[in-house]
Amino acid sequence: MRLRTQILLSVLGITVLAQLVFGFVAYRQITESRGDQLTIFLQYLNREIAERLTLPTNDYVAEIYLEELRKKFSTPKSVLIIQKDNRILHIAGKPQEDITAITDELRQAYTDKSKHGMIHLNDHAYYWAVSQLPAKGYQLVMLEPAADEEKKIASTLRFRLLSAGLIILWIAVWISLLLTTKISRQLNEKNEQLKHMALHDRLTGLSNRTLLSDRLEQLLRQSQRNEQHFALLLIDLDRFKEINDTLGHQFGDKLLKQVSQRLLKSIREEDSVARLGGDEFAILLPQTGRAGAELIARRIIHTMEEPFIIDDVSTESRASIGIALYPEHGNNSDSLMQYADVAMYQAKRSQTGYAIYDPQLNTHSVRRLRLMNDLREAIEQNRISIYYQPVLRASNRQVYCVEALARWLHPELGEITPDEFIPMAEQMGIIRRLSMQVLKQAISDSVRWKKQGYQLSISINISTFCLQDISLVEKIKNILQHYNFDASMLQLEITESALMNDLSRAGKMLDQLRRTGLQLAIDDFGTGFSSLSYLKKLPVDAVKIDKSFILDMCSNNSDNAIVKSIIELGHNLQYRVIAEGIEDERTLEQLLQMRIDAMQGFYFSKALPADELLEWLLNNHEQNDFNLQAKLL
Ligand code: C2E
Ligand code: MG
Ligand code: MG
């Protein structure tokens, strides 16, 4: 039953019930008051009789007198009785019943000390009232048939109740109608609000994932029926996490709002935009093929090119768009969503702005999507472990430092190399968190080794994304302070290519880092196509020659020449030169001849877990040697 009917029926029910109760109470009150009236009347008669009736008189005269009084003061059918000691002396009026039966019945009633009441005899009801005559112990009894009275009362009541009832009912119906209309309007509004909230994104007001899925299903059915095509676009903002982290969530929220406005402006009326969460948006383009989808994608990219002005700060945020087409790529919502996602990552990776799903990329991308998902969890749950690879000083061939290298053992896919997951962490904006985890773990391990007699420096790889974090210096200082760790025992490695991408910004950050007293090294040197003299401007202490040159230097003359010149130039510029990727003795000998400063490679040891490293040190080195080698070269 609808709420409106329910309320209406309950109000009506309550009204009718109230009317019945009211009627009953009124009836009782009226009958009660009729008894009271009779008693008062009898008392009045009493006085009249006491004054005028002198008993014992002639019975006939008395009866006539009594009858006169009855007629004068009472109703035509009433009966007046004078009795003494239960003996009827006089009767005035014509009782319908046997008078002795009445009086017997009455006797019981007025021995209960009542002065009036009602008795039933042979289906006739009577009001009765008794009054003691002041003289000689006579009782004056009055009987009045109740039927007429009751009828009168009932008809009066009926009329009054009916008219009052109708008025009340009418009012009640109106009140309940007004009430139900108001309540149902409010409920409808609330329902609409809740529905809207459940299906829309609070921040931007766009549809959310649930509504998008509904619309996608609807569009699929419609397109199947009408043999039409459509496109699904997934959009992810580049660098959003970074903006959010550096400029704050409120800033990020404002940016998302502006982005949603721009997206809305880029589409047609029949298209729909949804925010799937974070910086991910989706667009459905009904009756759109490849060309149409590309057109919209280009339009979106174009609108995003203009900087966003938020709180007087100008920010740039580009979008990567993945496109999946129906029916070309898939005919169900799950696969279309997945394919658009794959295409979106493809667009991100290739930095092309948008990409249309290419089935050939799929196997690779599905694994990638899965890894990205699991990587976030692994980092959040601190499940990335750290291995350490020894670095040896060339002069005495002793280990003085270890490089911390992240390792991820995936529960199902096995070991995932850092070459695969580090770029993912960078892309997902979680590399900073990972770097700080690695730094803390490595410092705490180093503190532990020191207690066991091995004083080792640690070298940490720092991603270019970390260099963009303005709070990096502060964070590192805090960690050093927390572990009471000597800054000069920490080395940060930054890849050459990362430095070359943004030399001026990186340069400033390196200056600040170096002021804390730590050491800086350029990693994978030789791959970034930079000239050493260019790097001269950077405040670094060491260069690590990329292992690709070292691995082949014995067999490849040009690699050999490159290694030789890097070492010479490095020395000229006062850098320490470190070689990584030494796998055999021959390479080591050649490097030593070239006056390399430090060495690292499988020839000495691969990267090992903290405990195994300690074992390795015990087996390969005299403990005391390390106590003397406190600082980096
Ligand atoms: P990288 O910093 O240049 O690290 C040296 C890589 O060379 C390591 O690979 C190491 O295992 C490998 N290596 C060392 N000696 C030899 C050798 O003799 N032969 C060969 N073939 N390889 C050798 P790994 O651990 O796979 O790391 C790869 C890269 O991933 C690292 O290159 C580094 O750029 C990055 N990476 C690792 N951990 C982290 C981290 O915690 N943070 C960041 N930002 N990057 C990391
Ligand atoms: Mg390194
Ligand atoms: Mg390297």
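Remember, it's 1-based here, ligands and their atoms both numbered in the order they're listed.
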Show me a pair-per-line table, with atom names and distances to 0.1 Å, of protein N or O atoms that are under 3.5 Å from an N or O of ligand 1.
residue  : atom   : partner : partner atom : Å
ligand 1 : 2 (O)  : E403    : OE2          : 3.0
ligand 1 : 2 (O)  : N461    : OD1          : 2.8
ligand 1 : 2 (O)  : D523    : OD2          : 2.7
ligand 1 : 3 (O)  : D524    : OD1          : 3.0
ligand 1 : 3 (O)  : E580    : OE2          : 3.1
ligand 1 : 7 (O)  : K547    : NZ           : 3.1
ligand 1 : 15 (N) : Q389    : NE2          : 3.0
ligand 1 : 18 (O) : F602    : N            : 2.8
ligand 1 : 19 (N) : E583    : OE2          : 2.7
ligand 1 : 21 (N) : E583    : OE2          : 3.2
ligand 1 : 25 (O) : R407    : NH1          : 2.9
ligand 1 : 25 (O) : R407    : NH2          : 3.0
ligand 1 : 38 (N) : A406    : N            : 3.0
ligand 1 : 42 (N) : N461    : O            : 3.4
ligand 1 : 44 (N) : N461    : O            : 3.4

TODO: Show your reasoning for whether side-chain contact (heavy atoms from CB on, under 4.5 Å) applies to T495 and F525.
DONE: CA-CA 7 Å; T495 56; F525 191 80; over 6 Å; no
TODO: Check the Mg ion (ligand 2) and write out every protein N, O or S atom at under 2.8 Å, as residue and atom.
DONE: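 Per the 2.8 Å query on the Mg ion (ligand 2), atoms found are E403 OE2, N461 OD1, E493 OE1, D523 OD2.
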Task: Closest heavy-atom pair and its distance - L375, F421 - done: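 Reported closest heavy-atom pair: CD2-O, 3.5 Å.
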Open item on the list: Can you list everything that forms a side chain to side chain contact (heavy atoms under 4.5 Å, CB included) with N382? Sequence neighbours excluded, please.
Closed with: Q437
Open item on the list: Consider salt bridge (Lys or Arg N to Asp or Glu O under 4.0 Å). Of D279, D236, D341, which one does K348 pass it with?
Closed with: D236
Open item on the list: Check for me whether R262 meets the cation-pi criterion with F308, that is, NZ or CZ under 6.0 Å from the six-membered ring centre and within 45 degrees of the ring axis.
Closed with: yes
- [ ] May I ask you to check whether H329 and Y339 place their ring centers less than 6.0 Å from one another?
- [x]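 No; Y339 has its ring centre 6.0 Å or more from that of H329.
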Task: Donor + acceptor pair across side chains of Q338, D334 (<3.5 Å) - done: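 Checked: Q338/D334 side chains show no N/O donor-acceptor pair below 3.5 Å.
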- [ ] Check ring-ring contact (aromatic ring centres under 6.0 Å, His included) between F281 and all other residues, then give those that pass, not counting sequence neighbours.
- [x] none
Task: Carboxylate-amine/guanidinium contact R576 D597, below 4.0 Å - done: no
